[in-house]
Amino acid sequence: MAVSLNKRINHIHATSLGAHHDGQMVFEQLDLLLKQGEITALLGPNGCGKTTLLRTLLGLHPKSAGKVMFGNHHEQQLSPKEKAQIISYVPQYHRLAFGYPVIEMVLMGSMATQPSWQRASKAQREEAESLLETLNIAHLKNKPYTELSGGQRQLVLIARALAQNTPFIFMDEPTNGLDFGNQIKLLEKIGELGRRRHGILMTTHHPSHALQMADRALVMKQGKLIQDGHPQQILDAETLCDLYQLTAAQLPKMS
Amino acid sequence: MNARILLFFLLVLIGLALLSVTMGRYDFSPVSSVTQLLRHFGWLSGNIDPMMTTIMLDVRLPRVIAAILIGAALAVSGTAFQAMFMNPLVSPGILGVLSGSAFGASLGILWFDSLWMMQLFSFLFGMAAVLVTLLLASNQTRNNLTLLVLGGMISGALFSALLSIVKYVADPYDKLPAIVYWLMGSLANVQDNLLIFVAPFILFGIILMALQGHTLNLLSLGEDEAKTLGVSVETKRFHIIILATFLAAITVSLGGMIGWVGLVIPHVARLLLGADNRLLLPASALLGGIYLLMVDNLARLMLSIEIPLGILTALIGLPVFAWALRNVNKGWSNT
């Protein structure tokens, strides 16, 4: 396995991608090109297939048609360990049965590509600590993950994704369950990641979040990508009204 | 720090094992026992009392070793299943292995008069019960863990029913008491020639499982996260199921049904040391060995007759478990 695999991979390309869920078609004939250094927000109403698309690209949901290329590599030819060098994943706010200390949660990202019997090196430990510092949660280092608040958990999962050091990071509604202040802070951090040359794909329910920090917005409706472009250009009142079945009067003012 | 805790548990285990060898119907003082043993191995000069060394080394030592290995095997297999199923209430029997082994043992008693055959049957049917579970759960499209638990329930119920049939048809004066007594668990029948053969396998299995700590940490985060953190989830789960089943089945074939160790010991270890499986697995193994050795000493020494081990592990394990439930916030939580 090439340790430098992630260095060469600067795009993820899905062509004619399709997926089913419980025998029902979620999406089909979907084409998507994701590039490193680009923050992409994926928007759409509940049940439009956002999360399934994310999971299908990650290889967590079986695809029914099409193919996904990671650089020049066919997705199916890569082992979980190799994929873990390309994309890291920030799942939605979740519960865990066991409370591992925060620093160990982050180190699980650093050690994702190593043999399982190996221990974290001193350098990896220092890097994990500095990531916690960057995200302003260094004081939680030794706390059990299960004792954290929802926002703190989200930050730990992001620190873990960063420790994995992949060119791409996928996030499933990262601001879900966070308070107003933490939402803004988290979006700022995500913006910084984009400037650090990570390619980010995140689903969101908030058009304002896409406007705030995304370079690109993808609008999904009933399993189809109906819009693709710069958030300022495509997320206009007309699109949003159509997308979420609202009248212009119902639409709140967006800053 | 971690290595020191494990070393401490290991020293306690060794000390307790030495003490256990000196305790029994023939009560030797610990000092004279140790000098006798040193003389026996030629490390000390003096008169050897052959009866004393025979009792200690040929009668008690195999039983002490069996207690340690069975306790460690059950505890490690319980810890691993709890992590894999992301649920601290899981015990080694979740996939039906104990029901299968119990049925196998009873069938062995019914059909043969040989302890060997009974133990072989017990082990084979334990493995078979889990294979049934795996077959029932082999459906690609849905959440695998839930299916495994349900498959385990079906397989466990099936083999429990089969066990009832065996009990029903067994000769009530001879075979039935033997079956019932066996199912209550006891180490009184551990033979040293069999133990010498299986002990290395058990020890190897325990060590192999204890090395899966990092993988089990990742598996306990759930399938999606484990996969995106580089784990081949299906393969690893399969390895762990086979290993845990092997360990649990072999305990039944050696000592009958010894309940609660695989559920209680992981909890106690987690309360003491936290959730990290890299430390928890070896610690559970050592604590399991210590625990079952203590309980087995009680079983053979407390009354003038042997008390079935499974009764004691339940009577002692349940209060410990109740205490552990009052301290749930450390190490695991469901909030």
Side-chain angles (χ1 to χ4, degrees), chain A residues 1 20-23 51 54-55 57-62 78-92 94-101 103-105 107-120 142 144-148 157 160-161 163-164 166 168-170 172, chain B residues 2-3 79 81-90 140-143 145 207-208 210-236 239-240 266-267 269-271 273-280 328-335:
Chain A
M1 183 175 70
H20 289 244
H21 197 281
D22 279 337
T51 300
L54 204 72
R55 287 168 45 82
L57 290 171
L58 278 161
L60 301 176
H61 188 92
L78 298 171
S79 70
K81 273 225 179 333
E82 287 169 321
K83 279 189 211 164
Q85 296 182 42
I86 301 167
I87 314 181
S88 51
Y89 172 52
V90 179
Q92 269 195 51
H94 65 349
R95 294 169 166 195
L96 278 190
F98 303 108
Y100 304 116
I103 184 82
E104 296 298 334
M105 285 289 284
L107 283 170
M108 286 178 195
S110 334
M111 298 192 292
T113 55
Q114 296 173 357
S116 64
W117 40 266
Q118 241 172 44
R119 296 181 151 267
N142 294 315
Y145 178 82
T146 40
E147 288 176 20
L148 306 183
L157 294 180
R160 187 181 73 189
Q164 214 170 323
T166 52
F168 289 91
I169 304 176
F170 284 11
D172 198 0
Chain B
N2 293 349
T79 308
F81 269 166
Q82 288 178 6
M84 198 192 98
F85 283 100
M86 304 182 277
N87 187 333
L89 296 176
V90 165
Q140 299 298 313
T141 57
R142 283 184 186 274
N143 184 341
L145 279 184
I207 292 172
L208 209 58
L211 293 175
Q212 304 299 314
H214 181 64
T215 305
L216 281 165
N217 281 353
L218 294 174
L219 284 177
S220 79
L221 304 176
E223 186 164 346
D224 287 2
E225 284 181 72
K227 261 189 193 162
T228 54
L229 288 167
V231 181
S232 310
V233 173
E234 284 84 9
T235 318
K236 287 289 177 188
H239 290 169
I240 283 159
H267 272 276
R270 211 174 277 123
L271 275 175
L273 303 171
D276 191 338
N277 288 293
R278 286 169 298 178
L279 175 61
L280 198 58
V328 285
N329 286 330
K330 202 174 166 194
W332 66 274
S333 99
N334 51 7
T335 53

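Owing to the predicted nature of the structure, the values given are computational and were not obtained by experimental measurement. Just so it is clear, the values below take in all heavy atoms, side chains as well, and ignore hydrogens, waters and symmetry mates. So you know, we letter chains A, B, ... as the sequences are listed, proteins then strands, and number each from 1.
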(request) Side chain from CB out, backbone as N, CA, C, O: work out which of these in A:Leu58 comes under 4.5 Å of a heavy atom of chain B, or both, or neither. (result) side chain
(request) Please list, chain by chain and in numerical order, all residues satisfying salt bridge (Lys or Arg N to Asp or Glu O under 4.0 Å) with A:Glu104, sequence neighbours excluded. (result) A:Arg125, B:Arg278
(request) Check B:Leu229 against A:Ala84 and note the closest heavy-atom contact, atom names and distance. (result) C-CB, 4.0 Å
(message) Report which part of B:Gln82 has an atom under 4.5 Å of a heavy atom belonging to chain A: side chain, backbone, both, or neither.
(response) both
(request) Could you tell me whether the side chain of B:Leu221 reaches within less than 4.5 Å of the side chain of A:Leu96, counting heavy atoms only? (result) yes
(request) Taking all heavy atoms of B:Arg270 and all of A:Phe98, pick out the closest pair and write down the distance. (result) CZ-CE2, 3.5 Å
(message) Checking B:Ser220 now: which residues fulfil side chain to side chain donor-acceptor pair (under 3.5 Å) with it, not counting sequence neighbours?
(response) A:Tyr100
(request) Please look at A:Arg55 and chain B and tell me whether the side chain, the backbone, both or neither of the residue comes under 4.5 angstrom of a heavy atom of that chain. (result) side chain
(message) Less than 4.5 Å apart, side chain to side chain, heavy atoms only: is that true for B:Thr228 and A:Lys83?
(response) no
(request) Flag the one option from A:Met111, A:Arg160, A:Gln118, A:Met105 with the top tally of heavy-atom pairs under 4.5 Å to chain B. (result) A:Arg160
(request) Identify which part of B:Asp276 has an atom lying under 4.5 Å from any heavy atom of chain A, answering side chain, backbone, both or neither. (result) both
(request) Taking the side chain as every heavy atom from C-beta outward, state whether B:Glu223 and A:Leu60 have any atom pair closer than 4.5 Å. (result) no
(request) First locate atom CD of A:Gln92, then atom CG of B:Asp224, and finally report the distance between them rounded to the nearest 0.5 Å. (result) 11.0 Å
